[in-house]
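Fair warning: this is a prediction, and the values are worked out from it, not measured in the lab. Below, chain A is the first sequence line, B the second, and so on; all start at residue 1.
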Amino acid sequence: MNPFEMVAKQMRQRALSTWLTLLSVMLGVALMVAILIVRREGNALFGQTDYGYDVLVGVKGSPLQLTLNTVYHIDKSPGNIRYQVYQDLAHSRVYRPYVKLAVPICVGDSYKGLRIVGTTPTMFGYQDDGTRADENHRFEYRPGRSFEVANGAMFNPNKFEALIGSDVTKLAGLKLGDTFQATHGMPAPTETPDIHKEVWKVVGVLKQTHTSNDRVLFIPLVSFYTIFEHGEGEIDREMIRRGQNPATRAKPANEEEARHYQLRPDGTIDLQLPIEDREVSAVLVRSRGDGGFMGQRLVYDLNLLPDVMAVNPASVMREFFNTFLDSSAKVLLLIAMLVTIVAAASIMTTIYNSVSARRREIAILRALGATRKRILGLICLEAALVGLFGGLLGFLIGHLLGAAGSIYMQQLVGEGMNWMAVGLEEWIYLAAVVLLAVLAGLVPGLKAYRTPVAASLVAT
Amino acid sequence: MSLTLSKLSKRYIGPDGSAVPVIDIDELRVSDGEQVALIGSSGSGKTTLLHLIAGILTPDHGQILFGSGAQQVDLAQLSEPQRDIFRGRHMGYVFQTHHLLSGFTAMENVLLGMSFTGRSADRKWARHLLEEVGLSDRLHYRPEKLSVGQQQRVAVARALANRPMLVLADEPTGALDAKNAQQVLDLIRNLCREINASLLLVSHDLAIARQLPRVLELSEVNRAASVIPANAVAEV
């Protein structure tokens, strides 16, 4: 009978205490593994540097809010900047040496809780006339990865048409050919939604990108400006910028009168909102020179402008990760380590008690020829097996927790975590748990080692 | 392999610090394959003597010699791990209460006896032993499912698992009724004969002891002269 069989039988004999000890180890390991996964994948998710653009331009305020809002479509929009800023970035000779590509986005509306983003065909690698942009001028949401239409076609930039992300079909029940109306803002379930009367038709479904964009409905920027509140609000804000009081402006008597567009016979929009009254929420910029000096120079220059802020999303997210996520993860790691130590103490206590109750059995084994070292080895093996199996169970549960976290992140930011990946630190931790268990087993092991054979045999 | 005890003594230190002699034997010899009964009153040191022979305890003085000539081993001179290994390989031990491990079946308890010899377990021999003790239909029963007599028969099989040279039996029939006691005694004796093992059986029951060819009494008062021939016991 080999030592594993002997120990397994002993453990089975004390099934309840063995399982309880396994459970305590499992909980400690599961907690630690889940934290390690979240830390690693959180780093990959939020601390990534491989955006397809290196400058975000928005209103002055919180760089983190701008980045979360623009890249991950979470948090509220920090505000708008003038459309002219986008135009300058995209077309002016001043910025041409720095800017390779500029894509505007407008946010503020939703459909069934999913964000609606107004943008130009540039985002999807098309020009306004519907032709495909050359490869060097295609927008990339990740380096080397561009949006692609899986079903249907690109929207007409001047029509009430929409491209939807791959998850929108499932989440909002929209499919090719369906129509929808935008809801103002992102109303809470208890709020009465303000539904705009404009109707968009889904003309294309994007391929899955595994980013937050999969949960977005993209509409032409022009169509975004047709919404009554948008046009009125933008006019008011432009007056404020000029130092005028918007209350003095003669307001339209009704929505019809306030419409800033006409529909042409072919269904295209004739937008009548002056350019100076238009705004965008942010501009995504790909600088020349792969995010090096040109990008930094652009950020510096743009930050000199009043009301405009430019940030590097990778830097912002790295800082966010380091100051918030990583610090929180470190605290949690410390807690998980303490839980692991408590689990090791539990192994020690359980086996110690069992050794006390098994003095007779230990004496029998000694009488049968087992040396003290052999007895010590058996006890340590038992502790190691508890550590190993508890660790493996915890490892499994930890990854399942990671899967749950991934689903949550998927719903929150549209990007999940690679919860199945196993990092080197997890293997090291698992080995450390087994080692800790063996060390914990040494205490009862030494007690067993010192069991007086003759006295224990006679006493029973 | 014969056993010779020479000038063997063991004392315990009492609670008051005084030395209490327990074993004081000039010479005792058990020949190869011989079956010897050891009798004595309670506290006379019978179990201590078995523990000394088994190497579980060490003597204060004297020799515990196994074999003869160049092959002779003095157990008293071996280190504890060496004694443990020697015991596992060459001795079998039957306790008064069966001392089976409760989580293990009858078969596993016998195999357990083979686990500390450094040799691979002989399942065929283990099965044979259990068949010999009449438990061929109880191989996979755990101790709690066996009667006390059956448990002691498993213990006998386990003691013989390694084909020992010497079987030490400490009151092996003490917890059994007369019928079971006789059965267990016959089994021990027959199996020892089968493998030519010497037997040193401790019993306080003269009826049991007298069935063995030689009976020795361990006297409490004069240990030097306590080892006496069987016929002398018969005369007591």
Go through the atoms of [X] and report whether side chain, backbone, both or neither lie under 4.5 Å from a heavy atom of chain A.
X        : result
B:Ser120 : neither
B:Ala54  : neither
B:Glu108 : both

Please report the closest heavy-atom contact between B:Val184 and B:Pro172, naming both atoms and the distance.
->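 Looks like CG1-O, 4.3 Å.
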Among the options A:Gln10, A:Met6, A:Arg12, pick out the one with the most heavy-atom pairs lying under 4.5 Å from chain B.
->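 Most pairs with chain B among the choices: A:Met6.
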Full working for ring-ring contact (aromatic ring centres under 6.0 Å, His included) between A:Phe389 and A:Trp19 | CA-CA 10 Å; A:Phe389 287 117; A:Trp19 274 110; 9.4 Å; no
Pairs where residues 374-397 of chain A contributes a residue and the test salt bridge (Lys or Arg N to Asp or Glu O under 4.0 Å) is met, not counting sequence neighbours =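 Sorted result for residues 374-397 of chain A: A:Arg14-A:Glu382, A:Arg358-A:Glu382.
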Pairs flagged by salt bridge (Lys or Arg N to Asp or Glu O under 4.0 Å) wherever residues 419-430 of chain A is involved - sequence neighbours left out =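 Sorted result for residues 419-430 of chain A: A:Arg40-A:Glu425, A:Arg40-A:Glu426.
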Using a cut-off of under 4.5 Å on heavy-atom pairs, state which of B:Ala159, B:Pro81, B:Gly92, B:Ser102 scores highest against chain A.
-> B:Ser102
Cation-aromatic face contact B:Arg138/B:Tyr141, 6.0 Å, 45 degrees =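 The answer is yes, since B:Arg138 meets both limits relative to B:Tyr141.
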